[in-house]
Amino acid sequence: MRTFCHEFRTPVNTLAALTQALAEERRPLSGDERRAIAALARDQAAHLQGLLGAAAANTSSLTLVGRQDEQRVPLAQVLSAVTVVVPPDRRRIRVTRRAAVCEVSERRTRQVLGNLVENALRHGPPGGQVGIYAARRRSGLSVTVTDEGRVEDTLVEALRRPAPTAGMSGLGLWIARQLVAADGGRVCLHRLRPQGVALEVLLPGPPTAG
(Lines give C-alpha, C1' and ligand atoms only; values in the text may rest on other atoms or scores of the structure.)
Protein backbone atom coordinates (compact mmCIF):
# COMPACT_ATOMS: atom_id res chain seq x y z
CA MET A 1 0.00 0.00 0.00
CA ARG A 2 2.90 2.38 0.72
CA THR A 3 4.32 1.62 -2.72
CA PHE A 4 0.89 2.17 -4.28
CA CYS A 5 0.47 5.57 -2.59
CA HIS A 6 4.00 6.67 -3.39
CA GLU A 7 3.84 5.74 -7.07
CA PHE A 8 0.52 7.59 -7.48
CA ARG A 9 2.12 10.81 -6.25
CA THR A 10 4.32 11.52 -9.29
CA PRO A 11 1.68 11.18 -12.06
CA VAL A 12 -0.85 13.09 -9.94
CA ASN A 13 1.68 15.93 -9.44
CA THR A 14 2.37 15.90 -13.17
CA LEU A 15 -1.33 16.19 -14.00
CA ALA A 16 -1.59 19.06 -11.51
CA ALA A 17 1.30 20.87 -13.23
CA LEU A 18 -0.28 20.37 -16.65
CA THR A 19 -3.70 21.62 -15.60
CA GLN A 20 -2.06 24.57 -13.83
CA ALA A 21 -0.28 25.49 -17.06
CA LEU A 22 -3.63 25.50 -18.84
CA ALA A 23 -5.41 27.43 -16.09
CA GLU A 24 -2.82 30.17 -15.64
CA GLU A 25 -1.71 30.76 -19.22
CA ARG A 26 0.84 33.48 -18.48
CA ARG A 27 0.98 33.86 -22.24
CA PRO A 28 -1.44 32.65 -24.93
CA LEU A 29 -0.76 29.02 -25.80
CA SER A 30 -0.53 27.98 -29.42
CA GLY A 31 -2.55 25.11 -30.79
CA ASP A 32 0.55 22.91 -30.88
CA GLU A 33 1.33 23.69 -27.24
CA ARG A 34 -2.22 22.84 -26.15
CA ARG A 35 -2.07 19.58 -28.06
CA ALA A 36 1.28 18.73 -26.46
CA ILE A 37 -0.13 19.39 -22.97
CA ALA A 38 -3.21 17.30 -23.76
CA ALA A 39 -1.01 14.44 -25.01
CA LEU A 40 1.10 14.52 -21.83
CA ALA A 41 -2.04 14.56 -19.67
CA ARG A 42 -3.41 11.59 -21.61
CA ASP A 43 -0.16 9.67 -21.08
CA GLN A 44 -0.19 10.39 -17.34
CA ALA A 45 -3.82 9.27 -17.08
CA ALA A 46 -2.90 6.04 -18.88
CA HIS A 47 0.01 5.59 -16.46
CA LEU A 48 -2.37 5.95 -13.51
CA GLN A 49 -4.71 3.40 -15.07
CA GLY A 50 -1.76 1.02 -15.41
CA LEU A 51 -0.89 1.46 -11.74
CA LEU A 52 -4.50 0.77 -10.76
CA GLY A 53 -4.54 -2.35 -12.90
CA ALA A 54 -1.30 -3.59 -11.37
CA ALA A 55 -2.61 -2.92 -7.86
CA ALA A 56 -5.86 -4.75 -8.60
CA ALA A 57 -3.95 -7.78 -9.87
CA ASN A 58 -1.15 -7.83 -7.31
CA THR A 59 0.20 -4.94 -5.28
CA SER A 60 3.79 -6.18 -5.57
CA SER A 61 3.60 -5.88 -9.36
CA LEU A 62 3.58 -2.09 -9.03
CA THR A 63 7.35 -2.20 -9.21
CA LEU A 64 7.24 -4.49 -12.25
CA VAL A 65 10.43 -6.25 -11.16
CA GLY A 66 11.21 -9.06 -13.55
CA ARG A 67 8.63 -8.04 -16.15
CA GLN A 68 10.04 -8.55 -19.64
CA ASP A 69 6.93 -7.59 -21.65
CA GLU A 70 7.33 -3.87 -21.07
CA GLN A 71 6.69 -1.61 -24.03
CA ARG A 72 9.93 0.04 -25.16
CA VAL A 73 9.96 3.65 -26.34
CA PRO A 74 12.63 6.30 -27.11
CA LEU A 75 14.07 7.91 -23.99
CA ALA A 76 13.00 11.36 -25.27
CA GLN A 77 9.35 10.30 -24.97
CA VAL A 78 9.79 9.39 -21.30
CA LEU A 79 11.74 12.57 -20.50
CA SER A 80 8.98 14.80 -21.88
CA ALA A 81 6.57 13.17 -19.42
CA VAL A 82 8.73 13.34 -16.27
CA THR A 83 10.26 16.81 -16.65
CA VAL A 84 6.97 18.70 -16.96
CA VAL A 85 6.72 18.98 -13.15
CA VAL A 86 9.88 21.14 -13.07
CA PRO A 87 9.17 24.86 -13.70
CA PRO A 88 10.79 25.95 -16.98
CA ASP A 89 13.01 28.53 -15.27
CA ARG A 90 14.42 25.82 -12.98
CA ARG A 91 14.86 23.14 -15.62
CA ARG A 92 18.16 22.25 -17.28
CA ILE A 93 17.99 19.45 -19.86
CA ARG A 94 20.81 18.19 -22.02
CA VAL A 95 20.28 14.98 -23.96
CA THR A 96 22.50 13.75 -26.76
CA ARG A 97 20.91 12.57 -30.00
CA ARG A 98 22.10 9.02 -29.42
CA ALA A 99 20.55 8.97 -25.96
CA ALA A 100 17.27 10.54 -27.09
CA VAL A 101 16.51 7.71 -29.51
CA CYS A 102 17.71 4.94 -27.20
CA GLU A 103 14.79 2.62 -26.42
CA VAL A 104 13.95 2.04 -22.75
CA SER A 105 11.24 0.26 -20.78
CA GLU A 106 8.47 2.85 -20.79
CA ARG A 107 6.78 2.36 -17.43
CA ARG A 108 9.82 1.34 -15.39
CA THR A 109 11.92 4.22 -16.73
CA ARG A 110 9.06 6.68 -16.16
CA GLN A 111 8.74 5.54 -12.55
CA VAL A 112 12.49 5.70 -11.95
CA LEU A 113 13.09 9.15 -13.42
CA GLY A 114 9.83 10.51 -12.04
CA ASN A 115 10.88 9.53 -8.53
CA LEU A 116 14.34 11.04 -8.95
CA VAL A 117 12.97 14.32 -10.33
CA GLU A 118 10.42 14.53 -7.50
CA ASN A 119 13.23 13.97 -4.98
CA ALA A 120 15.34 16.69 -6.60
CA LEU A 121 12.46 19.15 -6.31
CA ARG A 122 11.70 18.15 -2.74
CA HIS A 123 15.23 18.02 -1.32
CA GLY A 124 16.96 20.72 -3.35
CA PRO A 125 16.83 24.37 -2.22
CA PRO A 126 13.68 26.38 -3.06
CA GLY A 127 14.12 27.86 -6.51
CA GLY A 128 17.20 25.74 -7.17
CA GLN A 129 18.01 24.29 -10.57
CA VAL A 130 17.13 20.71 -11.46
CA GLY A 131 19.19 19.09 -14.20
CA ILE A 132 18.40 16.10 -16.41
CA TYR A 133 21.30 14.88 -18.53
CA ALA A 134 21.46 11.81 -20.76
CA ALA A 135 24.17 10.33 -22.93
CA ARG A 136 25.27 7.02 -24.40
CA ARG A 137 28.39 5.58 -22.79
CA ARG A 138 30.59 2.66 -23.75
CA SER A 139 28.72 0.49 -21.26
CA GLY A 140 25.21 1.67 -22.16
CA LEU A 141 22.85 4.54 -21.32
CA SER A 142 23.48 7.14 -18.60
CA VAL A 143 20.68 9.39 -17.30
CA THR A 144 21.54 11.78 -14.46
CA VAL A 145 19.22 13.92 -12.32
CA THR A 146 20.86 16.74 -10.36
CA ASP A 147 19.84 19.31 -7.77
CA GLU A 148 21.65 21.99 -5.80
CA GLY A 149 21.22 20.40 -2.39
CA ARG A 150 23.70 18.53 -0.21
CA VAL A 151 24.58 14.85 0.04
CA GLU A 152 23.02 13.98 3.39
CA ASP A 153 23.71 10.82 5.40
CA THR A 154 20.07 9.78 4.93
CA LEU A 155 20.57 9.76 1.15
CA VAL A 156 23.69 7.63 1.39
CA GLU A 157 21.86 5.24 3.71
CA ALA A 158 18.87 5.05 1.36
CA LEU A 159 21.15 3.91 -1.47
CA ARG A 160 22.51 1.08 0.67
CA ARG A 161 19.28 -0.08 2.28
CA PRO A 162 18.31 -3.64 1.19
CA ALA A 163 14.66 -3.16 2.17
CA PRO A 164 12.32 -0.14 2.38
CA THR A 165 11.77 1.65 5.67
CA ALA A 166 8.51 1.50 7.57
CA GLY A 167 7.56 5.04 6.49
CA MET A 168 7.52 6.93 3.20
CA SER A 169 11.01 8.42 3.61
CA GLY A 170 13.44 6.96 1.07
CA LEU A 171 10.76 4.76 -0.48
CA GLY A 172 10.97 6.40 -3.91
CA LEU A 173 14.72 5.83 -4.13
CA TRP A 174 14.36 2.23 -3.00
CA ILE A 175 11.69 1.62 -5.69
CA ALA A 176 13.93 3.26 -8.31
CA ARG A 177 16.81 0.95 -7.38
CA GLN A 178 14.60 -2.14 -7.73
CA LEU A 179 13.31 -1.05 -11.12
CA VAL A 180 16.77 -0.21 -12.46
CA ALA A 181 18.11 -3.53 -11.19
CA ALA A 182 15.28 -5.29 -13.07
CA ASP A 183 16.79 -3.89 -16.28
CA GLY A 184 20.29 -4.96 -15.24
CA GLY A 185 21.41 -1.46 -14.24
CA ARG A 186 22.33 0.46 -11.12
CA VAL A 187 21.90 3.87 -9.45
CA CYS A 188 25.04 5.81 -8.49
CA LEU A 189 25.46 8.85 -6.25
CA HIS A 190 27.86 11.70 -7.13
CA ARG A 191 28.78 14.82 -5.17
CA LEU A 192 28.91 17.96 -7.28
CA ARG A 193 31.31 20.83 -6.67
CA PRO A 194 31.02 23.30 -5.09
CA GLN A 195 27.61 21.95 -4.05
CA GLY A 196 25.01 19.66 -5.49
CA VAL A 197 23.71 16.12 -5.73
CA ALA A 198 23.67 13.90 -8.83
CA LEU A 199 21.92 10.56 -9.04
CA GLU A 200 22.97 8.65 -12.14
CA VAL A 201 20.96 5.80 -13.63
CA LEU A 202 23.15 3.44 -15.63
CA LEU A 203 21.36 1.02 -17.94
CA PRO A 204 23.15 -1.62 -20.01
CA GLY A 205 22.87 -1.48 -23.76
CA PRO A 206 24.77 -1.69 -27.02
CA PRO A 207 28.08 0.22 -26.69
CA THR A 208 28.68 3.46 -28.52
CA ALA A 209 30.82 3.52 -31.62
CA GLY A 210 33.66 5.49 -30.06
Side-chain angles (χ1 to χ4, degrees), residues 1-19 36-86 93 95 99-122 130 132-136 140-145 158-159 163-164 168 170-188 199-206:
M1 181 57 70
R2 285 187 294 119
T3 300
F4 177 77
C5 293
H6 186 281
E7 293 308 279
F8 250 59
R9 183 168 61 190
T10 297
V12 167
N13 287 345
T14 303
L15 283 171
L18 291 169
T19 53
I37 290 175
L40 285 172
R42 179 196 60 208
D43 289 346
Q44 292 298 329
H47 183 47
L48 284 170
Q49 288 176 327
L51 290 174
L52 279 172
N58 179 4
T59 303
S60 64
S61 68
L62 281 169
T63 55
L64 294 178
V65 173
R67 283 278 298 275
Q68 300 300 321
D69 58 344
E70 267 283 284
Q71 179 180 356
R72 298 184 71 81
V73 299
L75 175 65
Q77 182 175 324
V78 175
L79 291 178
S80 65
V82 301
T83 57
V84 71
V85 296
V86 185
I93 302 176
V95 181
V101 300
C102 188
E103 290 193 343
V104 295
S105 300
E106 180 181 23
R107 185 171 154 191
R108 283 201 294 267
T109 307
R110 183 193 294 242
Q111 284 183 257
V112 168
L113 298 182
N115 284 345
L116 297 186
V117 169
E118 287 278 354
N119 282 349
L121 286 170
R122 185 175 301 108
V130 173
I132 300 95
Y133 308 100
R136 290 288 300 276
L141 177 66
S142 166
V143 185
T144 303
V145 178
L159 283 169
M168 297 288 282
L171 183 59
L173 188 53
W174 181 84
I175 292 170
R177 288 169 53 212
Q178 306 310 303
L179 294 171
V180 172
D183 280 329
R186 65 187 190 276
V187 179
C188 303
L199 284 170
E200 182 182 19
V201 175
L202 293 168
L203 295 173

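These numbers come from the heavy atoms of this one structure, side chains and all, not from hydrogens, waters or symmetry mates. Since the structure is predicted, the reported quantities are computational estimates derived from the model, not experimental observations.
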Applying side chain to side chain contact (heavy atoms under 4.5 Å, CB included) to V73 and not counting sequence neighbours gives Q71, Q77, V78, E106
Ignoring hydrogens, what is the shortest heavy-atom contact between V82 and G114? Give both atom names and the distance.
CG1-N, 3.9 Å
Minimum side-chain heavy-atom gap L75-L113 below 4.5 Å
yes
Below 4.5 Å, heavy atoms only, C-beta onward: do L199 and L159 meet side chain to side chain?
yes
Nearest atoms (heavy-atom pairs only) where L141 meets A99
CD1-CB, 3.9 Å
Who pairs with A100 by side chain to side chain contact (heavy atoms under 4.5 Å, CB included), at least two apart in sequence or on another chain?
A76, V95
Heavy-atom closest contact (L202 atom, S142 atom, distance):
CD2-CB, 3.8 Å
With sequence neighbours excluded, what pairs up with T83 under the side chain to side chain contact (heavy atoms under 4.5 Å, CB included) test?
R91, I93, I132
Kindly write out the residues that satisfy salt bridge (Lys or Arg N to Asp or Glu O under 4.0 Å) with E200, not counting sequence neighbours, or none if the list is empty.
none
Answer whether the closest heavy-atom distance between the side chains of L116 and L173 falls below 4.5 Å.
yes
Where do V112 and A176 come nearest, in terms of heavy atoms and distance?
CG2-O, 3.8 Å
Listed by chain and number, what are the side chain to side chain contact (heavy atoms under 4.5 Å, CB included) partners of V84, not counting sequence neighbours?
T14, L18, L40
Can you give me the closest heavy-atom contact between Q111 and L179, atom names plus distance?
CB-CD1, 3.6 Å
